[in-house]
Q: 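Below is the structure I would like to discuss, written out as structure tokens.
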Amino acid sequence: QVQLVESGGGLVQAADSLTLSCTASGRTFSNNAMGWFRQAPGKEREFVAAIDYRGGVSYYADSVKGRFTISRDNARNTLYLRMKSLKPEDTAVYYCAGSMKRGAGTHASIYDYWGQGTQVTVSS
């Protein structure tokens with residue numbers, strides 16, 4: 001069993017930056033691909049970014065490419081999402097997800113563990 005706990009969300013203004021963290025416990029974090037997803041009110045959960053188990057391969061949704069950076073610190077069992085140039089349309093609950101697989105993926109179906117989410121609100 002893996003427990004994932006997100007932190008770092010909050011209320012910011014457009015063009016601001018914010019970094020989300022996700023701390024994992026209960027299983028060897030360094031063997032798992034990880035990802036970030038988000039869900040805005042009234043919308044389905046969508047892929048944001050993913051990273052493989054070593055941090056060498058990453059993928060991004062087109063809507064965040066160039067603005068968001070996913071990274072991981074396996075020594076600290078922590079996943080990060082650095083967000084810059086935030087827009088009101090980035091407002092959502094952001095979820096951390098962990099996979100039993102080592103390779104990163106963009107589909108929610110490959111992820112086995114999910115955090116409770118952290119709210120990010122971007123005001124215009």
Side-chain angles (χ1 to χ4, degrees):
Q1 190 73 12
V2 175
Q3 293 80 42
L4 302 175
V5 179
E6 303 96 336
S7 61
L11 173 63
V12 297
Q13 294 187 334
D16 280 353
S17 299
L18 198 63
T19 297
L20 304 182
S21 299
C22 171
T23 301
S25 62
R27 184 181 171 88
T28 304
F29 174 81
S30 59
N31 288 331
N32 302 104
M34 301 292 295
W36 288 99
F37 289 76
R38 67 186 182 186
Q39 187 168 17
K43 295 187 177 181
E44 294 187 352
R45 190 173 298 189
E46 65 174 2
F47 168 75
V48 176
I51 192 167
D52 76 335
Y53 75 111
R54 290 188 297 182
V57 177
S58 58
Y59 300 110
Y60 296 92
D62 288 343
S63 59
V64 306
K65 203 171 293 184
R67 299 188 299 121
F68 290 12
T69 302
I70 189 171
S71 63
R72 64 191 298 159
D73 185 339
N74 285 347
R76 300 187 179 201
N77 284 2
T78 303
L79 177 74
Y80 301 99
L81 185 67
R82 293 179 174 83
M83 306 182 292
K84 64 179 183 180
S85 303
L86 283 161
K87 305 174 181 179
E89 50 263 44
D90 294 319
T91 295
V93 177
Y94 283 71
Y95 297 91
C96 168
S99 174
M100 298 285 286
K101 303 180 186 300
R102 292 187 169 187
T106 63
H107 294 283
S109 61
I110 76 158
Y111 293 91
D112 304 285
Y113 307 104
W114 295 83
Q116 294 300 305
T118 186
Q119 176 71 46
V120 173
T121 303
V122 185
S123 63
S124 57

Q: Supply the atom-to-atom distance Asp112 CG to Ser99 OG, rounded to the nearest 0.5 angstrom.
A: 5.0 Å
Q: Is the count of non-hydrogen atoms from other residues, nucleotides or ligands lying under 6.0 Å from Gln116 atom CD greater than 12?
A: no
Q: Looking at OH of Tyr59 and OG1 of Thr106, how far apart are the two atoms once the value is rounded to the nearest 0.5 Å?
A: 8.5 Å
Q: If the threshold is 4.0 Å, N to carboxylate O, is there a salt bridge linking Lys65 and Asp62?
A: yes
Q: Of the non-hydrogen atoms in Ser17 and Ser85, which two are nearest, and what is the gap between them?
A: OG-N, 4.3 Å
Q: Using every non-hydrogen atom in the two residues, find where Ala92 and Arg38 come nearest and quote the distance to one decimal.
A: CB-CB, 3.8 Å
Q: Apart from Phe29 itself, which Ile, Leu, Val, Met, Phe, Trp or Tyr residues share its cluster (side-chain heavy atoms under 4.5 Å, direct or through members)?
A: Val2, Leu4, Val12, Leu18, Leu20, Met34, Trp36, Val48, Ile51, Tyr60, Val64, Phe68, Ile70, Leu79, Leu81, Met83, Leu86, Tyr94, Met100, Tyr113, Val120, Val122
Q: Salt bridge check, Arg67 against Asp90: does any charged N sit closer than 4.0 Å to a carboxylate O?
A: yes
Q: What heavy-atom pair brings Ala108 and Trp114 nearest, and what distance separates the two atoms?
A: O-CZ2, 3.8 Å
Q: To check you understand the geometry: which heavy-atom pair defines the closest contact between Ala33 and Tyr111, and what is its length?
A: O-CE2, 4.2 Å
Q: Please, which pairs that meet disulfide (SG to SG under 2.5 Å) have at least one residue in residues 35-95, sequence neighbours excluded?
A: none
Q: Which atom pair, heavy atoms only, marks the closest approach of Ala104 to Asp52?
A: CB-N, 3.6 Å
Q: Does a donor on one side chain sit under 3.5 Å from an acceptor on the other, for Arg82 and Ser71?
A: yes
Q: Flag the pair Tyr95 / Phe37 as yes when their ring centroid distance falls below 6.0 Å, and as no otherwise.
A: no
Q: Determine, step by step, whether Arg72 and Thr78 satisfy the side chain to side chain donor-acceptor pair (under 3.5 Å) criterion, reporting the C-alpha distance in whole Å, the side-chain angles of both residues, the deciding distance to 0.1 Å, and the verdict.
A: CA-CA 6 Å; Arg72 64 191 298 159; Thr78 303; over 6 Å; no
Q: Scan for disulfide (SG to SG under 2.5 Å) pairs involving residues 66-122, sequence neighbours excluded, and state none if there are none.
A: Cys22-Cys96
Q: Give me the atom names and distance for the closest heavy-atom approach of Gln39 to Lys43.
A: NE2-O, 3.0 Å
Q: Can you measure from CD (Glu46) to OG (Ser63) and round to the nearest 0.5 angstrom?
A: 5.5 Å
Q: Please determine whether side chain to side chain donor-acceptor pair (under 3.5 Å) holds for the pair Thr121 and Gln119, giving the CA-CA distance in whole Å, both sets of side-chain angles, and the decisive distance to 0.1 Å.
A: CA-CA 6 Å; Thr121 303; Gln119 176 71 46; 3.3 Å; yes
Q: Validate the cation-pi geometry between Arg102 and Tyr53: distance from NZ or CZ to the six-membered ring centre under 6.0 Å, angle to the ring axis within 45°.
A: yes
